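What follows is one structure encoded as structure tokens, with my remarks underneath.
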There are 2 protein chains.
Amino acid sequence: MQHGGTRKTILEVSAGLFASKGYSAVSMRDIAAAVGVTVGNLYYHFADKEELVRASLTYVFSERMSPLEGLLKQHASPHDRLEAFVLWFVGEIFGEEPFTRLILRELLDGTAERLEYLAKTVFKEPFTLTTKLIADCAGTSDPVMSADFVASLVLGSYQFARVLPHLTGGGPEDASSDAVARHVLRLIRTTFPLGKGVSGR
Amino acid sequence: MQHGGTRKTILEVSAGLFASKGYSAVSMRDIAAAVGVTVGNLYYHFADKEELVRASLTYVFSERMSPLEGLLKQHASPHDRLEAFVLWFVGEIFGEEPFTRLILRELLDGTAERLEYLAKTVFKEPFTLTTKLIADCAGTSDPVMSADFVASLVLGSYQFARVLPHLTGGGPEDASSDAVARHVLRLIRTTFPLGKGVSGR
DNA sequence: GTCTATATGCGGATAGAC
DNA sequence: GTCTATCCGCATATAGAC
């Protein structure tokens, strides 16, 4: 790791550990060992564990959400943009486990400040975008509630996927990223018929 | 606590602590202090912390799901039973925070064995019931997926409720138990029209 | 069944050499 | 910037008195 990015390496490695075991279950010693440095070094880069946790979250969240900017600049129809966006979001939640698990941990144990940060960095833009797209696609009475529904369903599907196999007796295939995406899109289409939006071009 | 139920008290108190802070963030000292006994006493009742965690989960899960038996014996129409059941389930998830938070923690960090236990004690019966009711109400192509959808949406709504206020600028009223129940029921009705089921009486 | 006392190691955190 | 050495309190867990 002599490419000068020790701090960055610490952030990446610790994020993975925090995601899989939880903050309080991961010690500074664990992190140091996993990174290949000493505990003292960790304290050179970060004032205390709390600051490392915060920096770790900040790093992962902004890193993961940066591609969104590109998606926002497309010029397709609201209908196509909504589909593309849902596909991307589901892929992000199901394909990037550490990212998703950190989100879920924050939702469960985050302090008020950290929740606000999570809202701002991760959910604000996607949520606003979804709300607008839905409003454009369908004359839904409450696009905010519909966006809430999309986010909740995607997040919940990820969570519930862990027990689904035990309930159906089958394998975990039912809850693959693609299946969920199709599922959500079908529900969106059924619930608010698309393609004939108020401001549809 | 001299009513002879020290063990039970330990289970109740520790469940509350585990739910709110997480297993590894709660020490045996914390529990002992909260209960009003000594650490040594904890180890008289439970071999180690892991066993206490397990017993705590077992206690809460079976305790909370016992009313379900009654619901299952109703003789109303599939449509009414599905509505009543969803109402009960949503109330349970939104109204019993410790219970719900323990479920979410297991979904996030539970070992394979504990997940199977969670599936068996908490989700198996409700899930099977929902699947059957949906199949009876509507000629849905895939009732299993629909049941998955209901569970995921309820769980996800609870989780997402924590950030929703930050996204809408409003208060947390949007995500009350009643609002979610109505929301879910409306979606169920929209997605698979009820009342004209195959085996509807 | 509950307590006191204690063993032993791990946790976060710091000082100072290189 | 990284390491070694160390402080100190808290963690899990046990032994034995009452």
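All chains are named by letter (A, B, ...) in the order of the sequence lines, taking the proteins before the strands, and each is independently numbered beginning at 1. Since the structure is predicted, the reported quantities are computational estimates derived from the model, not experimental observations.
Distance, Asp30(A) CG to dA13(C) C1': 16 Å, rounded to whole Å. If you measure from atom NE2 of His45(A) to atom P of dT14(C), you get 16 Å, rounded to the nearest angstrom. Rounded to an integer number of Å, the gap from Tyr43(B) OH to dT4(C) P is 17 Å. If you measure from atom CG of Asp48(A) to atom P of dG9(D), you get 19 Å, rounded to the nearest angstrom. A straight line from NZ of Lys49(B) to C1' of dA11(D) spans 8 Å, rounded to a whole angstrom. Distance Leu42(B) CG to dC3(C) C1': 13 Å, rounded to the nearest Å. For Ile31(A) and dA13(C), the CD1 to C1' distance is 14 Å, given to the nearest whole Å.
Each of Tyr44(B) and Glu50(A) has a nearest nucleotide on DNA chain C; the 5'-most of these lies closest to Tyr44(B).
Contact detail for Leu107(B) and Arg162(A): the closest heavy-atom pair is O-NH1, 3.0 Å. In terms of heavy atoms, Tyr23(A) sits closest to Lys49(A) at O-NZ, 3.0 Å.
When the side-chain nitrogen and oxygen atoms of Thr6(B) are compared with OP1 and OP2 of dG1(C), none of them lie within a distance under 4.0 Å. Under 4.0 angstrom from either OP1 or OP2 of dC3(C) there lies at least one side-chain N or O belonging to Thr38(B). Listed pair Asn41(A) / dG1(D) fails the phosphate criterion, with no side-chain N or O lying under 4.0 Å from OP1 or OP2. Remark: Arg29(B) is not in phosphate contact with dC10(D), judged by side-chain N or O atoms under 4.0 Å from OP1 or OP2.
Aromatic ring orientation, Tyr158(B) versus Phe94(B): perpendicular (interplanar angle above 60°, classes split at 30° and 60°).
Looking at Asp80(B) and Phe85(B), their side chains never come closer than 4.5 Å, going by heavy atoms from C-beta outward.
Of the candidates dC3(D), dT2(C), dT14(C), dC3(D) carries the atom nearest the Val37(A) side chain, counting heavy atoms from C-beta on.
Using a 4.0 Å heavy-atom criterion, one finds that Ser27(A) contacts the sugar-phosphate atoms exclusively.
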Checklist entry - Would Arg101(B) and Asp109(A) count as a salt bridge (charged side-chain N to carboxylate O under 4.0 Å, His left out) if you check the C-alpha gap in whole Å, the side-chain angles of each, and the deciding distance to 0.1 Å? => result CA-CA 10 Å; Arg101(B) 291 176 63 86; Asp109(A) 294 320; 3.4 Å; yes

